[in-house]
Protein chains: 2
Amino acid sequence: MKRRNTPTKEAVLDVLAKTGKAMSQDAIEQKIDIDINRATIYRILNRFCNDGVLHRVVAEDGKQYFALCVKCDENQKPLHHFHFRCIKCETIECLPVEVNFSIPDEYLVENVNCVLTGTCKECS
Amino acid sequence: MKRRNTPTKEAVLDVLAKTGKAMSQDAIEQKIDIDINRATIYRILNRFCNDGVLHRVVAEDGKQYFALCVKCDENQKPLHHFHFRCIKCETIECLPVEVNFSIPDEYLVENVNCVLTGTCKECS
DNA sequence: AAACTAATGCGATATAATTGCATTAATGAC
DNA sequence: GTCATTAATGCAATTATATCGCATTAGTTT
């Protein structure tokens, strides 16, 4: 199925690119200047996740947050990195800190979801 | 505020002790033989978390899971440990694998929520 | 310009979790 | 054992997140 270019897609990507952080559907909708339906935003986000453009994090508030996948050049984030959720500025940033663990081979790890919560360096 | 001993509290603890895993309110309610209201179970779980009896994990399905805090003797789990959510048997277990990371001092980490998802050793 | 169909908007729906309030029952004092 | 205090509970309503069906819109290709 070929993707089409739509203003809504562009708008969502723009917002995510500008903040450089992981954002919820709610936060994205508020930041976008044009009106986009809630369901549409979710569909865009899910599509981008499937296409590898975004990655999804679920924070301990139970909400989904989406962030651009930064490719591996300078300033890159590792494949599985920690996320930091600040309870003051209520943002989630991708930390350039890789998640390392070693568990028995019998476990097949398909996804990694690691979020640290507290006060970020901007707010402390 | 002093806690009172109630059959419901005991029942919830029993179920969690028996499975030894992290369980959702839903799963707990199903396993309990007596009838306990959903809201009551949530209140019990939240109280136990505040009292340090249980710890809470939020998986990438957005649901809360609760597990007994195992004290630091043999077979202990570290303070912040990884959790593994199996998509086949739909359980979450506490892995005896500590979560390690190093981030700048300006970050104040108050909570750690790390969940690996995939197929556990029982189901692979 | 026309056809194809991906993408969208809207409303309804599913699920998780919490809250207000009246009632029940565990605990301590007597 | 009885009574008083109030923690704990049940029930219904509510909040919030996210998804889904379906009719319509609009991007893309010919």
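Throughout, protein chains are lettered first and strands after them, A, B, ... in sequence-line order, and every chain is numbered starting at 1.
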Closest heavy-atom pair, A:G62 versus B:V58, reported as atoms and distance to 0.1 Å, is CA-CG1, 4.0 Å
For B:R43 and for A:N5, locate the closest nucleotide of DNA chain C by heavy-atom distance; then report the residue assigned to the nucleotide nearer the 5' terminus.
A:N5
Is it the case that atom CG in A:D35 sees more than 12 heavy atoms from other parts of the structure closer than 6.0 Å?
no
Just checking B:D105: does its CG atom have more than 12 heavy atoms from other residues, nucleotides or ligands closer to it than 6.0 angstrom?
no
Just wondering, do B:I103 and A:F82 contact through their side chains at under 4.5 Å, heavy atoms?
no
Ignoring backbone atoms, establish whether B:Y42 has a side-chain N or O less than 4.0 Å from OP1 or OP2 of C:dA17.
yes
Take atom NZ of B:K9 as the centre, draw a 6.0 Å sphere, and report whether it contains more than 12 heavy atoms from other residues, nucleotides or ligands.
yes
Give the residues of residues 53-68 of chain A touching DNA chain D, defined as any heavy atom closer than 4.0 Å, sorted by residue number.
A:K63, A:Q64
Name the nucleic acid region contacted by B:D26, choosing base, sugar-phosphate or nothing; use a 4.0 angstrom heavy-atom cut-off, strictly under.
nothing
Return yes when atom CD of A:E90 has more than 12 non-hydrogen atoms of other residues, nucleotides or ligands closer than 6.0 Å, and no otherwise.
no
In terms of ring plane angle, is the pair A:H83 and A:H55 parallel, tilted or perpendicular, where the classes change at 30° and 60°?
tilted
Below 4.0 Å: OP1/OP2 of D:dA8 and any side-chain N or O of B:R3
yes
Within residues 28-40 of chain B, the residues having a heavy atom closer than 4.0 Å to DNA chain D are B:D35, B:I36, B:N37, B:R38, B:A39, B:T40
Quick one: does B:R4 reach the base of D:dT6 with a side-chain donor-acceptor pair under 3.5 Å?
yes
Contact summary for A:T91 and A:K21, nearest pair of heavy atoms
OG1-NZ, 2.9 Å
Atom pair distance, as rounded to whole Å: CZ in B:R47 and C1' in C:dT19:
14 Å
Can you check the A:I44 CD1 to D:dA26 P distance for me, whole Å?
15 Å
Listed partners of A:F66 passing ring-ring contact (aromatic ring centres under 6.0 Å, His included), at least two apart
none
From CG of B:L45 over to C1' of C:dT19, roughly how many Å is that when rounded to an integer?
16 Å
Atom-to-atom span, CG of B:N46 to P of D:dA8 - whole angstrom:
13 Å
